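One structure is given below, encoded as structure tokens.
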Amino acid sequence: MNDWIVPIAPDPDAPVCVIGLPHPGGGPNFYAPWADVSGVEILAVQPPGREARTAELPITDLPRLVRQTANAIAGLCERRPTALFGHSGGGRYAFEVCRALERANRGPALLCPSGISAPDHQYWTSTAQTLLSDPVTAYLMLGGEALPGQIEQDQATVDSFISLIRADARLYTGLGLQPPVPLRCAVAAFAGDDDAIADPGDMAGWEKWAAGPEAFTLHRYPGDHFYIRHHFQAVLDDLLADLTRTAGPDPRTAQPTALSHSG
């Protein structure tokens, strides 16, 4: 492992692997509810500025973040069928990493965006800017609980969280809309029924980005944007069912190529 990867449920001999990417303001601990699973290795990406890496400045340039993340996890995706899971803005992060890995013929078997619209949705023209300008209001309106440090009246923790959300929002401002170019992997989308960011109808738009209609599934659960906090086990069960179904013989025939180590 390296500084970028945190083992949540370490099991290098497991037949499949799930890698969780952080949502705006989040970190590896978001995936702690998956720590007790068996038969699958659960890992989480920890970019600079989060949890054990808070002493480092967050990366606010998306191409650089994607490049360095892809470098960190490429070998993991090659060893066995792997799913990339990202909630909220982490879903777009996971998508960009997936696309970078596929360009090098080292892509995952399954992409799992949660609570975030596909890159061709109108979301990408406005909401990221709102999160940047007023992160606290946006966080609470979406169903977020008390800010980290707020209950303990730890203003330093509150300020650090707000700064991280703003840094994350800068990653996505200016992305705009992208025409759908299907990935080579399957896509499983996850949605809360009452999500103000991306409801199940919005999440269905990810079908255009999957390898084909048969390579797309949509899962929906009761709840708002943070539905996953109440359905972690159900989400993992559905994710693993999709990963098992799609993880047949690897259809990629091209040889892996080197990923850039710049940035």
Side-chain angles (χ1 to χ4, degrees), residues 1-10 17-35 41-78 82-104 106-108 111-116 119 124 127-128 131-132 135 138-139 144 147-149 156-175 197 226 228 259-263:
M1 296 296 170
N2 53 59
D3 288 346
W4 284 80
I5 305 298
V6 174
I8 302 298
C17 178
V18 176
I19 302 176
L21 287 85
H23 62 281
N29 280 336
F30 180 73
Y31 296 103
W34 289 345
E41 182 163 45
I42 308 289
L43 307 172
V45 173
Q46 180 177 247
R50 301 167 201 272
E51 295 182 10
R53 303 185 71 183
T54 54
E56 303 173 59
L57 290 176
I59 297 174
T60 56
D61 175 71
L62 187 60
R64 179 185 168 205
L65 177 65
V66 167
R67 185 168 58 247
Q68 293 192 2
T69 305
N71 284 328
I73 70 175
L76 300 171
C77 294
E78 286 182 304
T82 299
L84 300 186
F85 181 94
H87 178 67
S88 193
R92 181 59 184 266
Y93 180 12
F95 164 77
E96 298 290 350
V97 171
C98 177
R99 192 161 60 173
L101 289 168
E102 286 195 342
R103 286 195 292 267
R106 304 166 91 172
L111 172 68
C112 302
S114 166
I116 196 69
W124 295 104
T127 307
L131 189 64
L132 177 62
Y139 177 78
L147 302 182
T157 299
V158 172
D159 292 344
S160 177
F161 176 71
I162 293 173
S163 295
L164 182 55
I165 284 188
R166 283 205 167 103
D168 285 344
R170 290 188 190 99
L171 291 169
Y172 306 109
T173 54
L175 278 178
I197 283 279
F226 289 97
I228 189 173
L259 285 153
S260 169
H261 288 271
S262 60

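Keep in mind that what you see is a predicted model, and the values were worked out from it rather than measured.
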### Heavy-atom pair of closest approach, residues L43 and P7
CD2-CA, 3.8 Å
### Message
Is the shortest side-chain heavy-atom distance between L57 and P48 below 4.5 Å?
### Response
no
## Note on the structure
Between R53 and D3 the two heavy atoms that sit nearest each other are CD-O, 3.6 Å
### Summary
On a heavy-atom basis, the closest approach of T82 and C77 is OG1-CA, 3.6 Å
### Task
Could you grab the distance from atom SG of C98 to atom CZ of R103, nearest 0.5 Å is fine?
10.0 Å
### Summary
Here the gap from R64 atom CZ to T69 atom OG1, rounded to the nearest 0.5 Å, amounts to 10.5 Å
### Query
Is the closest side-chain heavy-atom distance between V18 and Y31 below 4.5 Å?
no
### Close side-chain approach of P47 and I59, heavy atoms under 4.5 Å
no
### Query
Hey, what do you get for CZ (F30) to CD1 (I228), rounding to the nearest 0.5 Å?
4.5 Å
#### Entry: Minimal non-hydrogen separation, I8 against A32, with atom names
CG2-CA, 4.3 Å
### From S88 atom OG to Y93 atom OH, the distance as rounded to the nearest 0.5 Å
14.0 Å
## Note on the structure
Closest non-hydrogen atoms of P22 and V45, given as atom of the first, atom of the second and distance, are CD-O, 3.7 Å
#### Entry: side chain to side chain contact (heavy atoms under 4.5 Å, CB included), paired with F95, selected from L21, L111, V66
L111
## Note on the structure
Interatomic distance, CD@Q46 vs CG@N29, rounded to 0.5 Å, equals 8.5 Å
### Message
For G26, is there any backbone N or O sitting under 3.5 Å from a side-chain donor or acceptor partner on R50?
### Response
yes
### Message
So which atom in G90 and which in P24 form the shortest heavy-atom distance, rounded to 0.1 Å?
### Response
N-CD, 4.0 Å
### Message
For E102, is there an ion pair with R99 - N to carboxylate O distance below 4.0 angstrom?
### Response
no
### Summary
Here the gap from E78 atom CD to I73 atom CD1, rounded to the nearest 0.5 Å, amounts to 11.0 Å
